Amino acid sequence: MSTTVETVSAAARTAPAAVIVAIDGPSGTGKSSTSKAVAAQLGLSYLDTGAQYRAITWWMLNNGIDVQNPAEIATAAAKPVIVSGTDPSAPTITVDGEDASGPIRTQEVTSKVSAVSAVPEVRALITELQRSIAEEAERGIVVEGRDIGTTVLPDADIKIFLTASPEARAARRSGEVKGSDLAATREALIKRDAADSGRKTSPLAKAGDAVEVDTTDLTLAQVIECVVTLVGEKQAAK
């Protein structure tokens, strides 16, 4: 019995400490690519909270909900069942059992998601879902979004806020969508920033204790290395 206890204790001492990592920032700063890579490298779970808001928006559009009517959105908010897979190498999201990973990335959903996610009832439900997923991640988790460090997981072990110039963000977004107009993309990003930062419930904001990383002049590999280093330091200190 004593040998077993000693073996377990040794393993516990050498295993990296579980950490909750909150990565926030506006669109086009590299949140998703960075978060998935960091989670994969460190053996952590991964959660794209933006995909959850896209999923509920997609459901609303498919079910005839007027997404310009907050009261109608609030009434319907609890109806869809959203399930997020947390494997960073193959994250999934389903709505009522249907794979929604492709449909939630359409321009229609993108243009409506800010309005839906601004409704307090929607944010309350999704926030509770996000917290439960984070709590169940035994080895730790990287959670990306816009209000993770400020609202969803204010006690996260480490908070990182990614930024980049509007020009750099627009260039990245345009590179993802063939034939897109750079100026129009930049304008759309700035409009989305204003909507997300200006909403009354859980606005996009940098937590007071977050580490800000400007990705404008960094490669994706450099951003990933920076975040992995920050998380590794936090694990070592726990």
Side-chain angles (χ1 to χ4, degrees), residues 16-27 29 31-32 34-36 38-40 42-60 70 73-97 100-101 104 113-162 196-197 199-211 227 230-231 234-235 238:
V19 289
I20 292 180
V21 183
I23 299 184
D24 291 307
S27 299
T29 55
K31 287 197 310 295
S32 293
T34 299
S35 298
K36 283 186 281 192
V38 169
L42 298 177
L44 307 176
S45 296
Y46 159 76
L47 178 61
D48 176 1
T49 63
Q52 295 175 318
Y53 285 107
R54 284 176 172 272
I56 198 168
T57 301
W58 175 67
W59 182 91
M60 297 270 177
I73 292 171
T75 300
K79 294 181 179 180
V81 176
I82 298 170
V83 178
S84 297
T86 58
D87 180 351
S89 63
T92 59
I93 187 159
T94 63
V95 181
D96 295 338
S101 54
I104 65 172
V113 67
S114 285
V116 173
S117 62
V119 176
E121 289 80 0
V122 170
R123 297 208 75 82
L125 285 164
I126 298 295
T127 294
E128 207 52 46
L129 174 61
Q130 292 162 359
R131 286 174 177 161
S132 67
I133 292 171
E135 287 173 4
E136 292 167 5
E138 294 182 359
R139 292 193 295 175
I141 190 169
V142 177
V143 184
E144 62 145 308
R146 287 170 169 74
D147 65 340
I148 310 306
T150 54
T151 302
V152 180
L153 300 168
D155 295 325
D157 294 295
I158 184 164
K159 304 172 188 178
I160 295 164
F161 193 84
L162 300 184
D196 290 345
S197 301
R199 64 175 177 244
K200 292 182 179 179
T201 305
S202 302
L204 163 67
K206 175 189 171 185
D209 54 349
V211 177
V227 176
L230 290 169
V231 176
K234 178 61 67 173
Q235 285 180 311
K238 288 192 75 174

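Along the sequence shown, residues carry numbers from 1. Worth saying up front: this structure is predicted, and the values here are computed from it rather than measured.
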**Report entry** Gap between atom CD of Glu136 and atom OG1 of Thr86 - 0.5 Å precision
**Finding:** 9.0 Å
Query raised in the report: Are Ile133 and Ser84 side-chain neighbours, meaning at least one heavy-atom pair lies under 4.5 Å?
Result: yes
Query raised in the report: Between atom OG1 of Thr49 and atom CD1 of Ile126, what is the distance when rounded to the nearest 0.5 Å?
Result: 9.5 Å
Query raised in the report: Going by heavy atoms in the side chains, are Ile23 and Leu162 under 4.5 Å from each other?
Result: yes
Query raised in the report: Under 3.5 Å, is there a donor-acceptor pair between the side chain of Asp157 and the main chain of Val21?
Result: no
**Report entry** Check: Leu153 main-chain N/O paired with Arg131 side-chain donor or acceptor under 3.5 Å
**Finding:** no
Report summary line: Note: Pro203 and Thr150 closest approach over all heavy atoms is O-OG1, 4.4 Å
Query raised in the report: Which atom names give the shortest non-hydrogen contact between Ser89 and Pro91, and what distance separates them?
Result: C-CD, 3.8 Å
Query - Minimum heavy-atom distance between Tyr46 and Ile141, given as atom pair plus value - result: N-CG1, 3.8 Å
Query raised in the report: Taking the side chain as C-beta and beyond, is there a heavy-atom pair between Ile158 and Val19 under 4.5 Å?
Result: no
Query raised in the report: If you measure from CG on Asp48 to OG on Ser32, what distance do you get to the nearest 0.5 Å?
Result: 4.5 Å
Query - Side chain Ser132, main chain Leu129, donor-acceptor under 3.5 Å - result: yes
Report summary line: Taken to the nearest 0.5 Å, the spacing of Leu204 CG from Ile148 CD1 works out to 11.0 Å
Report summary line: Value for CZ (Phe161) from CG (Asp209), rounded to nearest 0.5 Å, stands at 13.0 Å
Query raised in the report: Arg123 versus Ser117: any side-chain heavy-atom pair under 4.5 Å?
Result: yes
Query raised in the report: Within a strict 4.5 Å, meaning less than it, do heavy atoms of the Ile82 and Ile93 side chains meet?
Result: yes
Requested in this report: Provide the closest heavy-atom pair for Ala77 versus Ile56 in the form atom of the first, atom of the second, distance.
Outcome: O-CD1, 3.6 Å
Requested in this report: Compare every heavy atom of Asp196 with every heavy atom of Ser114, then report the nearest pair and how far apart it is.
Outcome: OG-OD1, 3.3 Å
Query raised in the report: Within the side chain of Lys159, is there an N or O that forms a donor-acceptor pair under 3.5 Å with the backbone of Gly208?
Result: no
Requested in this report: Tell me, yes or no, whether the heavy-atom count around Lys206 atom NZ, taken from other residues, nucleotides or ligands under 6.0 Å, exceeds 12.
Outcome: yes
Query raised in the report: Does the side-chain hydrogen bond (donor to acceptor under 3.5 Å, both in side chains) test come out yes or no for Arg146 and Ser27, once each step is laid out?
Result: CA-CA 9 Å; Arg146 287 170 169 74; Ser27 299; 2.4 Å; yes
Query raised in the report: For the side chain of Arg199 and the backbone of Ala118, is there at least one donor-acceptor N/O pair under 3.5 Å apart?
Result: no
Query raised in the report: So how far is it from Asp147 CG to Thr201 OG1, rounded to the nearest 0.5 Å?
Result: 10.0 Å
Query raised in the report: Is there a donor-acceptor contact under 3.5 Å from the side chain of Lys31 to the main chain of Gly25?
Result: yes
Report task. Give the minimum heavy-atom separation between Ser45 and Ala137, together with the two atoms involved. Result -> OG-CB, 4.0 Å
